[in-house]
Structure formats: C-alpha cells, structure tokens
Undergrad: 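Pasting a structure below so you can have a look.
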Amino acid sequence: MKRKSWQLFTIFGLVGLLLSALVSCGKPAVNSPTKNSATLEFWTMQLQPQFTEYFNQTIANFEKENPTVKVRWVDVPWSAMESKILGAVSAKTAPDVVNLNPDFASLLAGRNAWLDLDSRISDQVRSTYLPNIWKSGVLDGKSFGIPWYLTTGVTIYNTDLLKKAGIAKPPTTYTELAQVAKQVKQKTGKFAFFVTFVPEDSAEVLQSLVQMGVTLVDAQGKAAFNNDKGKAAFEYWVDLYKGGFLPQDVLVQGHRRAIELYQSGDTALLASGPQFLKAIAENAPSIGAVSAVAPQITGPNGKKTVAVMNLVVPRDSKRPDDAVKFALFLTNSQNQLAFAKAANVLPSNLDALKDSYFKSVPADAPTADKARIVSASGLEKAELLIPPLKDVKKLQKAIYDNLQAAMLGEKSVELAVADAATAWDQR
C-alpha cells in the first residue's frame, strides 16, 4: 500500500495507536528560519512532504503580516509525537505551537502543560469555530486547545453485497445495524461488518455506547454507566457476538482487520473517514467500483462522532502572544479552507464550512466527492463523544475487558457492567 494513501487515515482511524506508540524515530524534518531572528517553533504530525508547499506558503504569509516573527516548522512522524512532546515538555524545551489530538493533549492538560487560552482568546473569536468542536479543547472548564482540521465518519458500503442480502439501503441506526448483520449473514454467509474490542485499539465501541444514550462518567469523574442504559448497550454487542453475527477475531484483531475484510469483499460495511475511499480504489479496485457512502451510524440521540486535530501552546512558551496569534492564523477561515481542500479533511471554522465545496457536487461526481458532502453534513450533530479525559484509555480498557468477558460467557452482562464501573472508579 502506498504511504500517502494511509497518511491521514492513520491519524484519524488509528488514534488509539498514536496514544500508545512510543517509537523513537529519526530527526524530524524542519524548515530553517532566518539566521539570528527570534522564532516560534511549530510542530505538526506527519504532514511532510505532501503538504510542504501549503505550510511554507502559509508561514510566509504569516511572517509577512508579522515581520518581527519567524516560524520554524518541525514535522514529526505520527508514531514519534507522543514520546517527543512528553520529553520536550518535561525538559521545558517544548515548541511554541503543537498539533495534537484531544486525547493526548488532554492527558498533558491534566498536568497543566498547556497555556490557558480563555484569557487570550475573546468570545467573539471563539464563536467563529464550531461550538461542539471547541469543547474538544476544554478540560475542567478551561480551554487548552484551538480546533484545527477534523473529519466525521461515514458508512462505506458494498452495494453488491447488500443487494445479494436483499437489503435496499444501508443502516443508519444501531437498531438497523443489528438487523442488517443478521440478514447479511443468513443470506450470504458473510459478515455485515467488523468492529474491534481490543482495548488498545479503536474507540468505536466506546463511542457507540454514548450514541446509545449511555453517560460514561459523571461530573465528579465517577462511572455513570452501571444502569439500565449501560446494561442494554453491553447486551447489544454481547447478543451480536454470541449470535454469530460478528467475526470471532473482533476480540483480538484491531481496526486494520476491518479494512482488510472490507477490501476483500468479506464484509458489507466499513465505518471510516471518507478519505479512505481513495485507498480502497487503489488497493481493491473491484470493491471500490461498487462502494457507496451513507451517513454515520448513530443511536436514538442522533449523536455523531468526530475526529479532531487541535493546536496547543505549551505553558512554558517564551512568546505566548505570538504563539496564540499564529495558531489563530492557521485556523482562520481562509487557511482552513485551503488546507481542507488540499488534505481532504473538514475545517472547524464556521465560515470555511459555508463554502460551496462542502455543500454540493454534481450527480455524476466521484464517490469520494459525494463522501465529502455526506461527511460535512454530519458536522451539525457531530461532537467529541468521548470528552477530554485524563485517563480515557483506562476507561476504554475497563469497559472492553469486561465486555469481552460477557461476550465469551465468562460473566453475566450485569456483572460485566458492574465490574467495569468498579475498575474505573478504583483505577
């Protein structure tokens, strides 16, 4: 598989891997500032060389508007970002502006690593961003991050396989998904979809609980899912697994397995970002030719998940005012629109989203272009379903471990839910 096809997909689809990766990589790529000039250091995650031209031009525009400021851009491999930024923050050598995802950024926000932005960004400026998305950079009532680029998931589906199963349209709710799972299995012998229950991997199942109406933690940070809604959500996945409507390896294989099965024609549905359609077309042309896109599957509350990348300013930055100014410049409507078009992602800026690029395409447009419209239309109800939480991976592990035990018949659903809540509260 070509590296570029995976680049942004790995950032969004495999966020769990990013949080656990502590791989040491080579020296990051940089652009050199003017000698002897005062500089801001700006770190991004694996955006070179594909977007080098965009960033060089954007930085040049900022420097033209702010002649006393120079920006040194450092691009870090995504697998190395966690270890590098942890080391830099600990050594008080962190850059001035950093591109991170909310999960990891909130972990360090809990350690007071980032600048408090509430006194530096006015309500008027904040109102230019999607309100639900701004919340992805808020922890304990304090803003630590500025939203940047994002994507909402879509349902990619195999039209041929659904037709063979006698299904006229793809599911839009979890209730419909369960019905489709049974019908695809009974009619074709294949599975409708693959979703991982590996604690260190995708948070898709954790997000599904929220879409089913479950509150994961209360205002005090205690488990809030040991109730009827939590038990019903656990029961949903247990019934599908015990009924033989999920592949057995969902307990041991990660999200990559979902991709493999869809591209081989062995599953009918794939929950993913729309940018992955290009990879499907390249790696499995016959599947790409019969693939179409539908809105993200959700629950009764209509909530849709969104993957967010934000910008943070380390508390120890020696030029915090310039750093905030640069972060706001990168995320203004003009620059977000340009980057969204270049990277096939969505902007978090409201004015940028009003552009016709996100509103309509011709009827004969490629599936990838249609997917962009479907994805953008989901932003109205999209939010970070798992809010910034210091120990979010421990929560996911507590729930997944006990959910697996119930799926294997080692525990009742009631005991699995209770034990998951206890594991979280006693972490």
Side-chain angles (χ1 to χ4, degrees), residues 1-15 17-19 21 23-33 39-63 70-86 88 94-105 133 136-137 145-151 272-276 278-279 306-314 323 326-349 352 368 372 375:
M1 177 174 294
K2 295 181 180 178
R3 186 182 182 89
K4 286 185 180 180
S5 300
W6 280 95
Q7 190 173 63
L8 285 176
F9 175 72
T10 55
I11 291 175
F12 288 115
L14 302 177
V15 166
L17 292 180
L18 171 61
L19 297 180
V23 180
S24 177
C25 295
K27 292 182 179 180
V30 304
N31 71 322
S32 299
T39 65
L40 290 178
E41 189 163 302
F42 167 48
W43 285 14
T44 56
M45 273 197 293
Q46 199 159 316
L47 296 177
Q48 285 189 4
Q50 192 169 359
F51 307 110
T52 297
E53 183 178 351
Y54 168 81
F55 282 103
N56 283 344
Q57 184 59 59
T58 303
I59 289 170
N61 292 342
F62 177 78
E63 292 175 343
K70 294 295 178 182
V71 178
R72 180 176 183 262
W73 173 32
V74 180
D75 192 56
V76 181
W78 68 268
S79 59
M81 178 61 93
E82 180 177 344
S83 59
K84 286 183 179 295
I85 194 63
L86 276 172
D96 299 283
V97 181
V98 192
N99 162 210
L100 292 173
N101 65 67
D103 283 349
F104 186 60
I133 306 305
S136 68
I146 299 171
W148 191 14
Y149 63 95
L150 46 96
T151 183
S272 182
Q275 67 277 4
F276 190 62
K278 181 180 178 182
V306 61
V308 180
M309 282 292 173
N310 58 20
L311 296 174
V312 297
V313 175
F326 179 63
L328 292 174
F329 181 81
L330 280 174
T331 59
N332 68 25
S333 59
Q334 179 181 344
N335 289 324
Q336 283 218 43
L337 178 59
F339 186 66
K341 290 181 177 181
N344 194 21
V345 293
L346 299 175
S348 59
N349 184 285
R372 179 179 69 248
S375 181

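It should be emphasised that the depicted structure is a prediction, and the values quoted were computed from it without experimental measurement.
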Undergrad: Taking all non-hydrogen atoms of both residues, which atom of Ser348 and which atom of Leu150 are closest, and how far apart?
TA: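 So the minimum-distance heavy-atom pair works out to CB-CD2, 3.4 Å.
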
Undergrad: Do the side chain of Glu41 and the main chain of Asp96 share a donor and acceptor less than 3.5 angstrom apart?
TA: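 Not a single qualifying donor-acceptor pair exists.
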
Undergrad: Would you mind reporting whether Asn310 and Pro102 have side-chain heavy atoms less than 4.5 Å apart?
TA: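 In short, these two side chains touch, coming nearer than 4.5 Å.
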
Undergrad: So how far is it from Asn56 CG to Asn61 CG, rounded to the nearest 0.5 Å?
TA: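 If we round to the nearest 0.5 Å, Asn56:CG and Asn61:CG are 11.0 Å apart.
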
Undergrad: Rounded to the nearest 0.5 Å, how far apart are CG of Leu328 and CG of Asn349?
TA: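 Reported to 0.5 Å precision, the distance equals 10.5 Å.
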
Undergrad: Please tell me if the side chains of Leu330 and Phe339 come closer than 4.5 Å, counting only heavy atoms from C-beta onward.
TA: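 No, too far: nothing below the 4.5 Å cut-off.
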
Undergrad: What's the shortest heavy-atom distance between Lys70 and Glu63, and which atoms?
TA: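 Scanning both residues completely, I find the closest heavy atoms to be CA-OE2, 3.4 Å.
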
Undergrad: So Pro274 and Thr151, do their side chains get closer than 4.5 Å, heavy atoms only?
TA: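 Of all side-chain heavy-atom pairs linking Pro274 with Thr151, at least one is under 4.5 Å.
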
Undergrad: Take Thr58 and Phe51 through the side-chain contact (heavy atoms from CB on, under 4.5 Å) test and state the conclusion after the steps.
TA: CA-CA 11 Å; Thr58 303; Phe51 307 110; over 6 Å; no

Undergrad: Taking the side chain as everything from C-beta on, heavy atoms only, tell me whether Val345 gets closer than 4.5 Å to Trp148.
TA: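 Side chain of Val345 against side chain of Trp148, heavy atoms only: no contact under 4.5 Å found.
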
Undergrad: Could you go through the side-chain contact (heavy atoms from CB on, under 4.5 Å) check for Trp43 and Leu100 one step at a time?
TA: CA-CA 9 Å; Trp43 285 14; Leu100 292 173; over 6 Å; no

Undergrad: Do you know the tightest heavy-atom contact between Ala323 and Val97?
TA: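 Reported closest heavy-atom pair: O-CG2, 3.5 Å.
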
Undergrad: Are Asp75 and Phe55 side-chain neighbours, meaning at least one heavy-atom pair lies under 4.5 Å?
TA: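 Of all side-chain heavy-atom pairs linking Phe55 with Asp75, none is under 4.5 Å.
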
Undergrad: For Phe329, is there any backbone N or O sitting under 3.5 Å from a side-chain donor or acceptor partner on Asn332?
TA: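 Flag set: sc Asn332 to bb Phe329 pair under 3.5 Å.
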
Undergrad: Any chance you could lay out the side-chain contact (heavy atoms from CB on, under 4.5 Å) test for Asn335 and Phe62, step after step, and finish with the verdict?
TA: CA-CA 11 Å; Asn335 289 324; Phe62 177 78; over 6 Å; no

Undergrad: Can you confirm whether Phe326 sits close enough to Val313 that some side-chain heavy atom of one is under 4.5 Å from a side-chain heavy atom of the other?
TA: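 Counting from C-beta outward, Phe326 and Val313 never come under 4.5 Å.
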
Undergrad: Working to the nearest 0.5 Å, report the span between CD of Gln48 and CH2 of Trp73.
TA: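 That separation rounds to 4.0 Å.
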
Undergrad: Tell me, with the steps shown, if Leu311 and Asn99 meet side-chain contact (heavy atoms from CB on, under 4.5 Å).
TA: CA-CA 5 Å; Leu311 296 174; Asn99 162 210; 4.0 Å; yes

Undergrad: Can you confirm whether Ser375 sits close enough to Leu346 that some side-chain heavy atom of one is under 4.5 Å from a side-chain heavy atom of the other?
TA: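 When only atoms from C-beta onward are counted, Leu346 and Ser375 do touch, with a gap below 4.5 Å.
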
Undergrad: Taking all non-hydrogen atoms of both residues into account, name the closest pair between Ser333 and Ala352 and its distance.
TA: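 So the minimum-distance heavy-atom pair works out to O-CB, 3.6 Å.
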
Undergrad: So which heavy atom on Thr44 is nearest to which on Phe42, and how close?
TA: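 For Thr44 and Phe42, the tightest heavy-atom pair comes out as CG2-CZ, 3.1 Å.
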
